[in-house]
Protein chains: 2
Amino acid sequence: MPTRSAAQRRAEAKQAYNAYLAECPSRQLLASISDKWVSLVLNALGMQESSRYSDLARQIAGVSQKMLTQTLRTLERDGLVRRQVTAAVPVRVDYALTTLGRSLLPVIEEIKQWAEQNMNHVRQARGRYDARA
Amino acid sequence: MPTRSAAQRRAEAKQAYNAYLAECPSRQLLASISDKWVSLVLNALGMQESSRYSDLARQIAGVSQKMLTQTLRTLERDGLVRRQVTAAVPVRVDYALTTLGRSLLPVIEEIKQWAEQNMNHVRQARGRYDARA
DNA sequence: CCGTATCCCGCACGATACTG
DNA sequence: CAGTATCGTGCGGGATACGG
């Protein structure tokens, strides 16, 4: 039996995943998170305690039913989102971030904000790039 | 002429972009950034002052020539990455983050780290989800 | 209201071959 | 070494229709 504390073993387990490796599961997870619909859904969910399906569809302009449902399902399976069905007529479904999901929220928010705040810089850079050639 | 300071007008310009709107340019930018190859390339570039093309290809396992070049070109056009060609035989090409690119780096690093550090949580969540049904 | 099921098109992406 | 060029295809994702 190795002389390692539980904390040490936990730390090692965390570092065992390396997203640079193509076969590593964390590479797939990174790919899942790095998705525009995921960004927008998590951002939207972060703004309220919970959101109804139809609210999300309205807030995230241009998302199709298919992609919204698919994104929510994946996030639910990965433990980032909790789905709560209220039996009624018609049915009411609410989505909320889990603790795990909330731990990712700050980063996701920053990404969206960066895009919005640096759009002008990027526009100028594109202008410069396209002017040459 | 409106009674607004330059700072006020700048603040407004920044908030004029809203990624929730499908037609907003910042939505496209968010989609560009939220890409697995972009994540990995920016992370890799953040680790050194500059990186050669072949170094990036090696570090990011499984990336095709096409996707690596394409990603680097887009990042260069958007002003996040600078490309420097050194005439020699054979040619040497180095890539480095610009100031703008470096401003995005902390967030991108966090995403990759989150994926690696929470992989176990996600695995367990998936197990629980799949067990039901 | 909140989905699932089906069809289908376009293009993202990988594989391969060639060049300065 | 660091790319371009070309081709083939898998699947992302929209449109539509239907179900609980």
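We use all heavy atoms of the structure for the numbers below, so side chains are in, but hydrogens, waters and symmetry mates are not. Each chain gets a letter, A, B and so on, in the order its sequence line appears, and its residues count up from 1.
- No side-chain donor from either of A:Asn43 and B:Tyr20 sits under 3.5 Å from a side-chain acceptor of the other.
- Minimum atom distance to the side chain of B:Arg52 is reached by D:dC1, of the listed C:dC2, D:dC1, D:dG3.
- The nearest heavy atom of DNA chain D to A:Val91 and to A:Gly62 marks one nucleotide each, and the one closer to the 5' end goes with A:Gly62.
- Under the 4.5 Å side-chain heavy-atom criterion for ILVMFWY residues, a single connected hydrophobic cluster contains both B:Tyr17 and A:Met47.
- Comparing C:dG14, D:dA2, D:dA17 by their nearest atom to the side chain of B:Lys66 picks out C:dG14.
- Residues B:Tyr53 and B:Val91 fall within the same hydrophobic cluster, defined by Ile, Leu, Val, Met, Phe, Trp and Tyr side chains chained together at heavy-atom separations under 4.5 Å.
- A donor-acceptor contact closer than 3.5 angstrom links the side chains of B:Ser39 and A:Ser34.
- Across its full length, the helix from C:dC1-D:dG20 to C:dG20-D:dC1 shows an angle of 50° between the axes of its 5 terminal pairs at either end, rounded to 10 degrees.
- Between A:Arg83 and C:dG3, a side-chain N or O to OP1/OP2 separation shorter than 4.0 Å is present.
- Rounded to an integer number of Å, the gap from CD of B:Gln65 to P of C:dA17 is 13 Å.
- One finds the OH atom of A:Tyr95 at 11.5 Å from the OG atom of A:Ser50 (value rounded to the nearest 0.5 Å).
- Going from atom CG of B:Asp35 over to atom P of C:dC11 covers 17 Å, rounded to whole Å.
- Taking atom CG on B:Leu68 and atom P on C:dA12, their separation rounds to 18 Å, with Å as the unit.
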